Amino acid sequence: MNNVPSDLYQPVMTVLIAIVSAALGIIGYFLKDIRSSVRGEIGENKREIEKVQEELADFKATLPHTYVMRDDFIRAVASLDHKVDGIGKEITEINKNIGKLLGGG
């Protein structure tokens, strides 16, 4: 610094401080802008997550009314088959009795 005249040192430092201050101000502005946009996206994501959670809760509530578990279906079909077999046996018995009444073997 011995080579730089002292009257040139003051304006150069002022300009450098102004440039650094402006750069810091611009960086701060963009960081603030980025931060606010990230907060907005986080809020939007929270709302979407809550919406998905509500839809999932609704789906869980309606699931038993819409779909049947495999074991329940098998049990219901087995019960229905048993009833149909019983009706078949009764019809066969009725046919035998009608045959006897009509004089058949």
Side-chain angles (χ1 to χ4, degrees):
M1 288 219 176
N2 293 336
N3 298 346
V4 178
S6 66
D7 51 335
L8 186 62
Y9 177 74
Q10 189 68 24
V12 170
M13 285 305 291
T14 305
V15 170
L16 285 175
I17 290 174
I19 290 172
V20 170
S21 297
L24 288 176
I26 291 170
I27 291 171
Y29 171 77
F30 284 119
L31 286 177
K32 182 180 175 183
D33 186 46
I34 290 170
R35 187 176 178 190
S36 67
S37 68
V38 168
R39 282 185 179 170
E41 289 179 12
I42 288 173
E44 183 179 331
N45 286 343
K46 283 183 180 180
R47 286 188 294 275
E48 288 179 12
I49 288 171
E50 289 172 358
K51 181 180 175 185
V52 169
Q53 287 175 338
E54 289 174 5
E55 289 175 0
L56 182 61
D58 291 342
F59 178 71
K60 284 181 178 179
T62 60
L63 187 66
H65 302 291
T66 306
Y67 299 100
V68 177
M69 290 179 52
R70 183 175 186 265
D71 295 338
D72 292 339
F73 177 76
I74 291 171
R75 191 177 311 114
V77 169
S79 173
L80 187 63
D81 284 344
H82 181 71
K83 289 177 183 179
V84 169
D85 289 343
I87 291 172
K89 286 179 185 177
E90 288 181 21
I91 289 175
T92 303
E93 190 66 35
I94 290 172
N95 278 340
K96 284 181 185 178
N97 289 339
I98 289 176
K100 286 180 184 177
L101 287 176
L102 295 177

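Computed over heavy atoms, backbone and side chain alike; hydrogens, waters and symmetry mates excluded. Numbering of residues begins at 1 and proceeds along the displayed sequence. Because the structure is a prediction, the values reported are computed rather than measured.
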What salt bridge (charged side-chain N to carboxylate O under 4.0 Å, His left out) pairs are there with at least one residue in residues 70-84, not counting sequence neighbours? D72-R75
To the closest 0.5 Å, what do you measure between OG (S36) and CG (L31)? 11.0 Å
Identify all side-chain donor-acceptor contacts of residues 84-96 below 3.5 Å with residues at least two apart in sequence or on another chain.
from	atom 1	to	atom 2	distance (Å)
T92	OG1	G88	O	2.9

Same cluster or not: are V15 and V12 linked, directly or through other Ile, Leu, Val, Met, Phe, Trp or Tyr residues, by side-chain heavy atoms under 4.5 angstrom apart? no
For L63, enumerate each residue passing the side chain to side chain contact (heavy atoms under 4.5 Å, CB included) test, keeping only those at least two apart in sequence or located in another chain. F59, Y67
Hydrophobic cluster mates of I42, side-chain heavy atoms under 4.5 angstrom, ILVMFWY only, any path? I34, V38
Does anything in residues 32-58 form a salt bridge (charged side-chain N to carboxylate O under 4.0 Å, His left out)? List the pairs, not counting sequence neighbours. none
